[in-house]
Amino acid sequence: MSDARYNFKEVEPRWQRAWTDKKTFVSSGDGSKPKYFVLEMFPYPSGRLHMGHVRNYTLGDVVARFRKSQGCDVLHPMGWDSFGLPAENAALERGVHPGTWTRENIADMREQFGPLGLSLDWSREISTCEPEYYRHEQKMFLDFVKAGLAYRKESWVNWDPVENTVLANEQVVDGKGWRSGVAVERRKLNQWFLKITDYAEDLLAAIETLDRWPDKVRLMQHNWIGRSEGARLDWAVLKPEGTELPDKLEVFTTRPDTLFGASFCAISPNHPLAAELSESNPALADFVTDCNRLGTSEEAIEKAEKKGFDTGLTAQHPFDSDFEVPVYVANFVLMDYGTGAIFGCPAHDQRDMDFARKYNLPVICVVAPKDADPVAFATELEAGTEAFTGDGVAVKSEFMNGMTVDDAKRAAIKKIETAKSGEGVVQYRLRDWGVSRQRYWGCPVPIIHCDACGAVPVPDSDLPVTLPDDVTFDQPGNPLARHPTWKLVSCPSCGKDAERETDTFDTFFESSWYFARFCDPKNDTLGFDKAEANKWLPVDQYIGGVEHAVLHLLYARFFTRALQTCGYLDIAEPFDGLFTQGMVGHETYKNSDGAWLSPDQVTQSESGDAINSEDGTPVVVGRSEKMSKSKKNTVDPAHIIGTYGADAARLFMLSDSPPERDMEWTDSGIEGAWRYLNRLWRMVVETPTDAGSLPALDTMDVAAAGIVKAAHKAIAHVTEALETFRYNAAVAHIREFTNAIGELNPDLVGAAPARRFAVETLARLANPLIPHITEEMWATLGGNGLLADQAWPKHDPALLVEDSVTLAVQVNGKMRGTIEVAAEADKETCEATALALPTVQAQMDGKQVRKVIVIPGKIVNVVVG
RNA sequence: GCGGGUGUGGCGGAACUGGUAGACGCGCUGGAUUCAAAAUCCAGUUCCCUUACGGGAGUGUGGGUUCGAUUCCCUCCACCCGCACCA
């Protein structure tokens, strides 16, 4: 008997060294085993590892270790998504260079990764802010330009008029600049775009093939791409005398069937016509300015109160020249979608209905439900405030009358096309990807602007275009743009004086191909060798937060296709399997005066109430929220691992909640995990290592043989749970099995070899979850080599078969008892046994049995009445 | 505003394709061990009524389908994620 506690402080570093020394987790890539690429979304080097990271990389580590033990050549790399806004903010606030700040953070975080004991192959480490990485994406971009996949156009940005700088949406708070506090404006800039819309149809269709992605992510991408069939059509503009406005307005609609219900047209505040009209209409100009204060985010625009401005213009219905409607400028019409102009049909669109009620515009019902009385229905609809958006039959619509919505749409489009006033079109909500950023800490766009030649690509021989280090952050704005010399170059085409583009790429650019770089990370002539990429890609299991469900994951899907088009690789889909994890939260605490307190400032009083550990004052305990610095509810992983070890932290993370769900970090939870590790350790110490090989089951005591069967059952359960990401269930099965081993009487015949076998199986099964202690268990039991190199155990299906089963017995669907019958018992036997139960008899008192339902192996339900 | 998700004991959660709701763990209660504590071990623990036997209620709300619903359908509520320049 030993009461020595498990010494993780000595054990964990020892095994970490062993894995590193033996290159246990370095992938060979020699093709002798099936490949398996496990990738977690790489971190932004903020400086500190947080619990979200620990959860993410622990989940990936379980996959990697599990697949390795199943005989795969696992690629499990790590790197740094190291360009981004926070580095510039640090420069602005503390005067430290973004590169210095970033590289120091990377060094710190790499240190913090060590004690976690992850099965990472650090020989493939990459960092996206280094020219060795980003030079290749400059080449890719130029290839995209050549292939017609990149182009320049004007688009809108948030502009801070005080700081004279472009703001990210995140930097716009309630329509105001986060530092200046002044209302933002919209500005138009010439920017680079990637033609993701060229692939819209393919990206949409291929969602079907992503059967190892969560349905919710597939649905979100489907809706984001937002394919809709509709029509573009012209409304004639009736111009006042002597004006030189365009004579038609092109609108987009998904409901051409409701054209006869139109009561207004509306254009975006950013529509060229709005700008033109503003020139001679100061009130309209003010209205447009007002709309532009909302910033550029769709959320802000959609949440804002719906407002319109009557331009005084009149538009003429394409099917009826006597049908005229007013033209408004409306703040909810998006310039980026369709044509930036719509016609409004209040009866059949809720937003148009609200608009009509606000501005006293007519409501004309042109679709009625099939069985409704059209006149009564229309009367009610036209008097109310609820639009009717359901299916029905066209009314008051001339040639469409009596048609279903779908038929009427087709008829309307046909008529529009015949009249040459428009056409049926497929429209996507998806917009091209704007990749230009007016910032320093990003990959320079390799373009030179020449007055004579226009935008000229930097020649291959001059790549990479590297960031200059001598930049200043003493004022807002892009340091590249105000650098005295960096941008001054001669035109590669004509040789005259020209200027470098001072914009850098969106940081999603880097994360759109890093998985390919991991396949061939040291290649300095190419981003990656095609053969290497084809060997490892697609990523077999990708793991990260749901917050990336659309943007990053869609950009990466697009980028891979663009690379395929340009001949870089042979696949279209980068991620074969995707798993989205939940967030890590913690309770929040507030002082009596409302100030946030961190968890280590809070303790329990003797009566069990939460109090401030410093002054004993009462603390208000709030619900669990995402860990954030502002709410002080963060827990430092380094501190946790220093106190309990990596295995305890991992075990709690994995056992607490299903990985896809948000989890709450609790002190008692981590202590429970820690206690379990000690229990495991005691179990090994008390297990004879010289118990001999496992004898035939029928020579052993029933209970000892039962433990062997329990081991096989555990193998089956845990294997299945690990394969389906049900890690919390895997832990439950492991603990259940542990409880069973603990209950085995050591004096029984065969107990010693049974226990030896069971504990060894336990170590094998728990290894992907808690790798250090299980490695120590394996060594203590006398196992050969590293447990990390052992093959995954297999269960014997014959040992899982039960002789008898327990059936639930219900009367009228209510549980009244259970019966034990032979596994192969027939229905009659089950029925008779169930009816004989006293509790069943009591319920049947004076009533007649109407029916008995027997589901073999599950239930008997007696229906009486 | 739009799109997506989640909701089960005091707490985290389990329940295969509609078939014993609460596995496993945390916490709590009682007991053993200890001079004492920690650690460990044993027992109990959804709620209500009952000494007990047993009965009733119960998976966010309200309704529906079914012999049977946490699971399927509809309504409503709460919270979380995303909305294209945060990563």
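Numbered from 1 within each chain, the chains take letters A, B, ... in sequence-line order. Only heavy atoms go into these numbers, but all of them, side chains included; no hydrogens, no water, no symmetry mates.
- Distances shorter than 4.0 Å separate some side-chain N or O of A:R816 from OP1 or OP2 on B:G56.
- Nucleic acid contact for A:L219: sugar-phosphate only, since backbone atoms but no base atoms lie under 4.0 Å from a heavy atom of the residue.
- In this structure, A:F579 has its ring center no closer than 6.0 Å to that of A:Y542.
- In this structure, A:L553 places its CG atom 17 Å from P of B:G4, rounding to the nearest Å.
- When rounded to the nearest whole Å, the span between CD1 of A:I859 and P of B:U66 equals 18 Å.
- For the pair A:L837 CG and B:U20 C1', the computed distance is 13 Å after rounding to whole Å.
- Rounded to whole Å, the C1' atom of B:G12 lies 14 Å from the corresponding atom of B:G7.
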In 5'-to-3' order, the base (B), backbone-only (S) or no-contact (-) status of each nucleotide in nucleotides 81-87 of chain B, using a 4.0 angstrom heavy-atom cut-off, is SSBBBBB
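- Within 4.0 Å of A:S511, counting heavy atoms only, lies no atom of the nucleic acid at all.
- Pairing for B:A38 is absent, with no Watson-Crick or G-U wobble pair whose two atom distances lie under 3.5 Å.
- Separating the CD1 atom in A:I225 from the CG atom in A:L204 is a distance of 5.0 Å, to the nearest 0.5 Å.
- In this structure a side-chain-to-backbone donor-acceptor pair under 3.5 Å is present from A:T504 to A:R439.
- Taking atom C1' in both B:G68 and B:G19, one finds a spacing of 7 Å when rounded to whole Å.
- The C1' atoms of B:C67 and B:G55 are separated by 22 Å, rounded to the nearest whole Å.
- Residues A:E686 and A:R682 are not paired through a salt bridge, judged by the lack of any N-O separation under 4.0 Å between the basic side chain and the carboxylate.
- Interatomic distance, CH2 of A:W159 versus CG of A:N164, reported as 5.5 Å (0.5 Å rounding).
- Residue A:E736 is classed as a sugar-phosphate contact, given heavy-atom separations below 4.0 Å to backbone atoms only.
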For each nucleotide in nucleotides 9-17 of chain B, reading 5' to 3', give B when a protein heavy atom comes within less than 4.0 Å of its base, S when such contact involves only the sugar-phosphate, and - otherwise. ---SSSSB-
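- Look at A:N223 and you'll find a side-chain N or O under 4.0 angstrom from OP1 or OP2 of B:G4.
- Under a 4.0 Å N-O distance rule, the pair A:E93/A:R179 qualifies as a salt bridge.
- In this structure, CD1 of A:I670 is placed 12 Å from P of B:C26, rounded to the nearest angstrom.
- Applying the 4.0 Å criterion to OP1 and OP2 of B:G27, one finds that A:R675 has a side-chain N or O inside that range.
- Remark: the separation of the P atoms in B:U50 and B:U34 is 40 Å, to the nearest Å.
- Checked against ring pair (Phe, Tyr, Trp, His ring centres under 6.0 Å), A:F505 has the following partners two or more places apart in sequence or in another chain: A:F141, A:F509.
- With C1' as the reference atom, B:G10 and B:G44 are 16 Å apart, rounded to whole Å.
- B:G7 shows a glycosidic angle more than 90° from 0 and is accordingly assigned anti.
- In this structure, A:F652 has its ring center no closer than 6.0 Å to that of A:W674.
- Salt bridge status for A:E660 with A:R726: absent, with no side-chain N to carboxylate O gap under 4.0 Å.
- B:C74 and B:C83 are spaced 28 Å apart, taking the P atom of each and rounding to whole Å.
- The partner of B:C28 is B:G44, judged by Watson-Crick or G-U wobble contacts that both fall below 3.5 Å.
- If you take CH2 of A:W681 and P of B:U40, they are 17 Å apart, rounded to a whole angstrom.
- Because its NZ or CZ atom is both nearer than 6.0 Å to the ring centre of A:F193 and within 45° of the ring axis, A:K153 counts as a cation-pi partner of that residue.
- Using a 4.0 Å heavy-atom distance criterion, A:K814 is classed as a sugar-phosphate-only contact.
- Rounded to whole Å, atom P of B:G1 lies 16 Å from atom CG of A:L334.
- Nucleotides B:U70 and B:G58 place their C1' atoms 11 Å apart, quoted to the nearest Å.
- As rounded to whole Å, 9 Å separates atom C1' of B:C26 from atom CZ of A:F652.
- Put simply, CD on A:E302 is 10 Å from P on B:G3, counting in whole angstrom units.
- A:N739 has a side-chain polar atom (N or O) that falls below the 4.0 Å cut-off from OP1 or OP2 of B:G25.
- Position along RNA chain B of the nearest nucleotide to A:T818 versus A:K306 favours A:K306 as the more 5'-ward residue.
- For A:R152 and A:W192, the positive end sits near the middle of the six-membered ring, less than 6.0 Å away and at most 45° from its axis.
- Going from the C1' atom of B:U6 to that of B:G13 covers 14 Å, rounded to whole Å.
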